[in-house]
There are 4 protein chains.
Amino acid sequence: MPRTPNPALRSERSRQAILDAARALISELGYAKVSIEAIAARAGVGKQTIYRWWPSKGAVIFDAFLALSDQGDGMALPDTGDLEADLKTVMRATVAEFADPAFEAPVRAFNLEIIADPALTAQYREKLAAPVDEAKKDRLRSAQQAGQLPLDTDLDLFLEFLYAPLYQRWLLSTGPLTPEYADALVDITLQAFRP
Amino acid sequence: MPRTPNPALRSERSRQAILDAARALISELGYAKVSIEAIAARAGVGKQTIYRWWPSKGAVIFDAFLALSDQGDGMALPDTGDLEADLKTVMRATVAEFADPAFEAPVRAFNLEIIADPALTAQYREKLAAPVDEAKKDRLRSAQQAGQLPLDTDLDLFLEFLYAPLYQRWLLSTGPLTPEYADALVDITLQAFRP
Amino acid sequence: MPRTPNPALRSERSRQAILDAARALISELGYAKVSIEAIAARAGVGKQTIYRWWPSKGAVIFDAFLALSDQGDGMALPDTGDLEADLKTVMRATVAEFADPAFEAPVRAFNLEIIADPALTAQYREKLAAPVDEAKKDRLRSAQQAGQLPLDTDLDLFLEFLYAPLYQRWLLSTGPLTPEYADALVDITLQAFRP
Amino acid sequence: MPRTPNPALRSERSRQAILDAARALISELGYAKVSIEAIAARAGVGKQTIYRWWPSKGAVIFDAFLALSDQGDGMALPDTGDLEADLKTVMRATVAEFADPAFEAPVRAFNLEIIADPALTAQYREKLAAPVDEAKKDRLRSAQQAGQLPLDTDLDLFLEFLYAPLYQRWLLSTGPLTPEYADALVDITLQAFRP
DNA sequence: CGTTAAACGAGACGGTACGTCTGGTCTTTCC
DNA sequence: GGAAAGACCAGACGTACCGTCTCGTTTAACG
């Protein structure tokens, strides 16, 4: 009988050590070369402690990054009243983040995980993407109220056009990630959804 | 000394058998479960024959798909004189292709390969994406001549807006892939680049 | 770090299965054709379990035979008071054993192992040959007490003369292994060490 | 069809190069580490040229040593009229040869080959051992004529007793190989076959 | 506060696949 | 057509991890 473990007795110290070790190893070695064996050794933890609480390597890595992002709960976008300016501020920051080499290895690992495993894809949408997207849509709704965006705009589609080109360019290295590019994304998207 | 092999003596029969086996196994098992060992066995080939000519499993899989796409050299887009109609034709076909479940496993494997390995990313851009993009840009230039697209349009950016939302939606399963979606992509992109 | 395994956690079941499989394969295939891979498969054991506890194929085979011989601890020679008769009894038995075809393959394998690897040669002398020789010398000392062998006889040399011709004849197939040959070895050796 | 090669067209230059390379590699690496691959490379010869003319690695090594020994045809033993003295001369030389470290690796390789392969055992007896033994027996027959050895002595058995202890001691490193040992072998053997 | 149940660290286990190496065969190119 | 060169199929090598399974040893809730 594969007894289900009792979460109340779970060791927080071990959980933290495992997630820390996972993050450290991803940064050092890249995704493909990280093994559960190595995570356990680095965390000073038995392998079974990992298998007890996570179903796969992907899930561990996913949680390691999820935990990182959790800290920022109040993720509301700036709202100065000027949609274009606010979006450019956000997109310039986002582009800069993607252009950071230190960001590269771990976030690429995270994305590979999500793309490869449908279960994680769903978890990603629900736990990470959805709240963030909701915050973005709040800002867009505010703009709709202010008459800066048509009321019938499909906000999901709007966000897809705003972010997908950047995501694809980063994933496939098909072009430079510059502030000008960030501005262009905003300009073109706003033009696309103009009445 | 790790002697470099002599391509003149390479066995074409073995090369084909390996690429065929790789394609078959990817379709049957998915990318993660395919091993070089299995490819060699299926192809009736010694493992060394694979290691002699390819540096990694990713490279084999990449070549297997590259060879498939090579067949279509004359990949010009339709040109009826009506850009919007032609783009909708093409995008509806593309969307349908991505929505095909049989397309899913192998193409996802191929994309993971490309995203995970920078060397393959570069190879992908040069050998696969570039020619295809050039064909698309030819159609767009024709539209510029016809006055259906501004002459100063950044064609790479245009294609990014046209395709990236679809690519992201497919990769992360963030929405349905329907003919209406294909039409919307064309409509919005054309609107985005209107003068 | 090449961690040293903890013998306390060693699986006796696996150890036995490996030694049994080694013996069986040697008998069936002969030494040269036995691989660690085959031993592991036959024993239903992971290869690493062999590599964890033995440094080489030779060491496994050596242990397999060592374990066989261990069972006879009380290996005292017969002592009827008549040295010649007792030696002929023993040598006839030994010659018969060497003449047995079932004995051939495994024991030849074992001897090749010992002859080829100085480390195993030493282990053989200490763990197998020495105790057996000591038992033989006990019988000879008893004969010395009984006045059937000079007190200053070099017992090691005596045993060398008694056994080496048989060993060489078996190794190189230079003559028949018959009871008469056994008797002749005893007669000639006793004559050689007569005062 | 496995066409049999025509010996008349055989390249003597290649044959010599192969045997030389085999000898050199045995001396340098020991028997176990020598591969046909290495012999071919060292000899500047295609592997097929070896496989065309020899059935196995053992056969090549055997031939390599056979060719060495062939040169000494007139291998008569000294005959001063004093059997004991002549035998001690010969045995001291033989013991010294076996004690020579440079002799060790190649001759051990040669012996392993012979012991492991029955076909080579037979070839060894016929082509190498038999002529040498015949020369030794000629000396013993001369001693029989001179009344130094009984006329009914089994000469093969005599040689077995004289040489087997030395051979076994060398193979299994069970004792020192000294001139005193050589003398003892002669003394004891002569005593053994005294009337 | 002692008992007890479960999580823990450690690590051996049966396995799979790795990437390398060698054996013996087959093919190509040259002489 | 023999021989050098070397690619080929085959499969063993020894290593790295997989996910499972004991081991004792904490650790924390319960009695």
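Just so we're on the same page: letters track the sequence lines, and every chain starts at 1.
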From [options], nucleotide with atom closest to [X] side chain:
| X | options | value |
| --- | --- | --- |
| D:Y51 | E:dG24, F:dA7, E:dG14 | E:dG24 |
| B:S35 | E:dC18, F:dC13, E:dT22 | E:dC18 |
| A:R10 | E:dA12, F:dA3, E:dC8 | E:dC8 |
| A:L9 | E:dA6, E:dG9, E:dT28 | E:dA6 |

Given side chains that start at C-beta, do those of [X] and [Y] come closer than 4.5 Å, heavy atoms only?
| X | Y | result |
| --- | --- | --- |
| A:L172 | B:I115 | yes |
| D:R108 | D:N111 | no |
| C:W54 | C:I36 | no |
| D:I18 | D:R15 | no |
| D:L171 | C:L171 | yes |
| C:P106 | C:R23 | no |

*Parallel under 30°, tilted from 30 to 60°, perpendicular over 60°: which one fits the rings of B:F110 and B:F65?*
parallel
Whole angstrom is fine here: how far is it from [atom1] in [X] over to [atom2] in [N]?
| X | N | atom1 | atom2 | result |
| --- | --- | --- | --- | --- |
| C:K33 | E:dG24 | NZ | C1' | 14 Å |
| C:Q16 | E:dG14 | CD | P | 14 Å |
| D:I61 | E:dG23 | CD1 | P | 10 Å |
| B:L25 | E:dA17 | CG | P | 11 Å |
| B:N6 | E:dC30 | CG | C1' | 14 Å |
| B:I36 | F:dA10 | CD1 | P | 17 Å |
| B:I50 | F:dC9 | CD1 | C1' | 12 Å |
| C:E12 | E:dC13 | CD | P | 11 Å |

For a quick test of reading the model: is some side-chain N or O of [X] closer than 4.0 Å to OP1 or OP2 of [N]?
| X | N | result |
| --- | --- | --- |
| B:S14 | F:dC9 | yes |
| A:T49 | E:dG9 | yes |
| B:R52 | F:dC8 | yes |

*asked:* As an exercise, state the distance from NZ of A:K33 to CD of A:E28, rounded to the nearest 0.5 Å.
replied: 12.5 Å
_Can you tell me whether the side chain of A:K47 and the base of F:dG19 have a donor-acceptor pair closer than 3.5 Å?_
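Answer yes: a donor N or O sits under 3.5 Å from an acceptor.
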*Can you check whether any acceptor in the base of E:dC26 is under 3.5 Å from a donor in the side chain of D:Q48, or vice versa?*
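Answer is yes: a donor-acceptor pair is held.
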_Please give me the minimum heavy-atom distance between D:A24 and D:R42, naming the atom from each residue._
CB-NH1, 3.6 Å
*With a cut-off of 6.0 Å (strictly less than), are more than 12 heavy atoms of other residues, nucleotides or ligands near CZ of B:R13?*
no
*Could you check which residues of residues 38-46 of chain B get a heavy atom under 4.0 Å from DNA chain F? Sort them by number, please.*
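Listed by number, they are B:G44, B:V45, B:G46.
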*What does B:W53 touch in the nucleic acid at a heavy-atom separation under 4.0 angstrom: a base, only the sugar-phosphate, or nothing?*
sugar-phosphate
_Can you work out whether B:E37 or D:R13 has the more 5'-proximal nearest nucleotide on DNA chain F?_
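Nearer the 5' end of the strand: D:R13.
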*Toward the 5' end of DNA chain E, which comes first, B:V34 or A:S11, by nearest nucleotide?*
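Of the two residues, A:S11 wins.
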_Inter-end axis angle, the helix from E:dC1-F:dG31 to E:dC31-F:dG1, with every axis fitted to five base pairs (rounded, 10 degrees)_ = 10°
